[in-house]
Amino acid sequence: MSSLYDVAELAGVSKTLVSRVINGQKGVSDKSKEKILSAMKELNYTPNAIARSLVLQKTHIIGVVLDNLCEPYFFDLIKGIEHSITKSDYDVIFCSGRNSMELKSKYIKFLSQGRADGVIIYGSSLSDEKLIKELSVSNFPFIVVENEVEGVNINNVVVDNAFGSKLAIEHLVEIGCRNIYHVTGDMTIKASVDRRDGYIKAMQNKGFTVNSNMILMADFSVESGYEAVKAFIEKNGRGQLPDAFYFGADTTAFGGMMALEDYSIRIPEDIKIVGFDNDKPHDIDRKLKKLTTLSQPLYKMGESAVTMLISDINHITPEKQKLLYYPELIIRETTKE
């Protein structure tokens with residue numbers, strides 16, 4: 001492999017001038033710069049990234065810390081990040097927190113200690129608040145996707161989850177539903193809290209009273225959706241079904257739909273179903289009706305997060321930015337008769 005010394009010797013200049021050209025620094029004449037670039041091309045010379053980062057005090061790397069890198073739900077977000085990165089001179093490192101606050105914090109600490117120029121943090125776990133507040137008082141550039149912390153000035157890309165609940169309830173009311181129940185997602189996640197609160201507000205705005213019996217507790221798993229709906233049917237019987245179930249997540253909805261089918265309850269004839277996330281029924285053997293759901297623009301959110309973070313790293317935008325996206329209602333078989 002060719003070295004910086006080889007380039008300097010072939011171009012007939014000093015190593016200092018070669019280093020300045022590599023690092024985009026001033027103090028090199030056009031003639032010398034042309035010689036150096038020509039020598040680099042002839043020798044197929046690739047600058048040492050570590051040495052370059054020491055000179056520039058930049059790694060040209062962006063870290064991405066997700067709750068769970070292997071979850072198919074995140075693939076569109078990852079694609080958006082990757083697409084935006086390819087249009088820049090940055091590289092990207094993905095880290096999976098595996099739904100562990102300790103591991104997530106460890107990765108962020110690792111990346112912020114000179115291994116990356118900035119970090120994208122995805123996830124709306126309520127336990128992330130302490131970590132976000134600590135980062136907010138540092139000089140390290142970062143952006144939080146799908147989480148907000150009140151009173152903290154940070155770069156933010158978020159989805160209006162409450163607005164999604166409003167769309168879901170308005171759709172169900174429009175097709176004749178009045179008695180609408182909600183099955184939550186994981187209530188340690190802010191998105192789930194916002195979706196539940198949005199459901200309550202949307203119902204009240206339509207003139208309906210919501211009591212605690214109308215909200216079934218679950219999490220983001222198929223199993224929890226199945227058990228929540230099964231327990232409801234066994235307690236209340238088939239004759240006390242609501243007009244519709246609005247689920248806080250599609251994965252939960254898939255489990256609920258299977259429970260309804262196991263009790264020979266027809267979807268959408270006997271009950272309507274709406275989910276959230278526009279997810280696919282992974283690792284489920286049986287064929288389910290296509291789910292009416294709310295879709296988040298995860299690809300665009302990934303692209304925006306990269307653009308906003310690079311602007312912060314390079315001090316292009318002195319003020320922190322917040323970008324709000326709205327979910328889109330996608331009507332499918334579970335609310336069509």
Side-chain angles (χ1 to χ4, degrees), residues 1-65 77-95 107-122 135-136 138-145 153-157 299-323:
M1 292 179 63
S2 301
S3 67
L4 185 144
Y5 176 82
D6 296 327
V7 174
E9 187 174 46
L10 181 61
V13 298
S14 68
K15 291 190 292 182
T16 301
L17 284 184
V18 175
S19 178
R20 285 179 179 171
V21 170
I22 290 170
N23 295 314
Q25 297 172 324
K26 297 178 181 179
V28 185
S29 68
D30 292 341
K31 184 177 180 180
S32 294
K33 184 177 181 180
E34 188 177 334
K35 286 181 180 179
I36 292 166
L37 292 174
S38 177
M40 289 172 64
K41 185 175 181 181
E42 183 176 334
L43 294 170
N44 196 26
Y45 172 74
T46 302
N48 185 301
I50 296 175
R52 188 166 182 249
S53 69
L54 289 172
V55 172
L56 297 176
Q57 296 294 297
K58 280 188 176 182
T59 64
H60 280 269
I61 290 172
I62 285 175
V64 180
V65 180
L77 178 82
I78 292 169
K79 288 177 185 176
I81 290 172
E82 289 177 330
H83 180 253
S84 195
I85 284 286
T86 59
K87 295 188 290 185
S88 73
D89 59 350
Y90 285 80
D91 292 312
V92 63
I93 295 175
F94 288 98
C95 302
Y107 279 132
I108 292 169
K109 185 177 180 181
F110 171 81
L111 292 166
S112 64
Q113 291 179 337
R115 277 93 173 187
D117 295 336
V119 169
I120 297 170
I121 304 170
Y122 182 94
L135 273 175
S136 71
S138 72
N139 293 319
F140 184 67
F142 73 100
I143 185 166
V144 176
V145 181
N153 184 28
I154 59 174
N155 290 308
N156 237 171
V157 176
Y299 187 93
K300 289 182 180 179
M301 291 167 67
E303 285 188 312
S304 298
V306 171
T307 302
M308 290 166 65
L309 182 58
I310 291 175
S311 292
D312 192 14
I313 291 168
N314 295 313
H315 309 292
I316 296 171
T317 50
E319 300 296 326
K320 301 300 181 184
Q321 303 175 77
K322 178 178 178 179
L323 187 57

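We count residues from 1, following the sequence as given.
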Please give me the minimum heavy-atom distance between [X] and [Y], naming the atom from each residue.
X: Val145; Y: Ala305; result: CG2-CB, 3.9 Å
X: Gly80; Y: Glu303; result: O-CG, 3.3 Å
X: Tyr45; Y: Ser3; result: CE1-C, 3.6 Å
X: Gly63; Y: Ala116; result: N-CB, 4.0 Å
X: Arg20; Y: Gly27; result: NH1-O, 3.4 Å

May I ask you to decide if [Y]'s main-chain N or O and [X]'s side chain share a donor-acceptor pair within less than 3.5 Å?
X: Ser32; Y: Val28; value: no
X: Ser84; Y: Val306; value: no
X: Ser304; Y: Met301; value: no
X: Asp117; Y: His60; value: yes

Could you check if a side-chain atom of [X] sits within less than 4.5 angstrom of a side-chain atom of [Y], using non-hydrogen atoms only?
X: Tyr122; Y: Val64; value: no
X: Asp312; Y: Phe142; value: no
X: Val21; Y: Leu17; value: no
X: Ile121; Y: Leu135; value: yes
X: Pro141; Y: Leu309; value: yes

What's the separation between atom [atom1] in [X] and atom [atom2] in [Y], rounded to the nearest 0.5 Å?
X: Lys35; Y: Asp30; atom1: NZ; atom2: CG; result: 12.5 Å
X: Ile143; Y: Met308; atom1: CD1; atom2: CE; result: 4.0 Å
X: Lys322; Y: Ile154; atom1: NZ; atom2: CD1; result: 9.0 Å
X: Ser2; Y: Asn44; atom1: OG; atom2: CG; result: 7.5 Å
X: Lys109; Y: Phe140; atom1: NZ; atom2: CZ; result: 13.5 Å
X: Asn156; Y: Lys320; atom1: CG; atom2: NZ; result: 11.0 Å

Query raised in the report: In chain order, what residues pass the side-chain hydrogen bond (donor to acceptor under 3.5 Å, both in side chains) check against Thr307, with sequence neighbours excluded?
Result: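 For Thr307, no residue satisfies side-chain hydrogen bond (donor to acceptor under 3.5 Å, both in side chains) once neighbours in sequence are set aside.
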Report task. Identify the residue among Asp6, Val13, Leu37 that makes a side-chain contact (heavy atoms from CB on, under 4.5 Å) with Val18. Result ->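 It is Val13, the one option of Asp6, Val13, Leu37 that forms the side-chain contact (heavy atoms from CB on, under 4.5 Å) with Val18.
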Report task. Quickly, which of Ile62, Ile120, Ile78 forms a side-chain contact (heavy atoms from CB on, under 4.5 Å) with Phe94? Name it, please. Result ->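 With Phe94 as partner, Ile62, Ile120, Ile78 yield a single side-chain contact (heavy atoms from CB on, under 4.5 Å), made by Ile78.
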Query raised in the report: So does Lys87 have more than 12 non-hydrogen atoms from other groups sitting under 6.0 Å from NZ?
Result: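 Count over threshold, so yes.
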Query - Heavy atoms from other residues, nucleotides or ligands near CD of Glu319 exceed 12 (cutoff 6.0 Å) - result: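 Not buried by this count: 12 neighbours or fewer within 6.0 Å.
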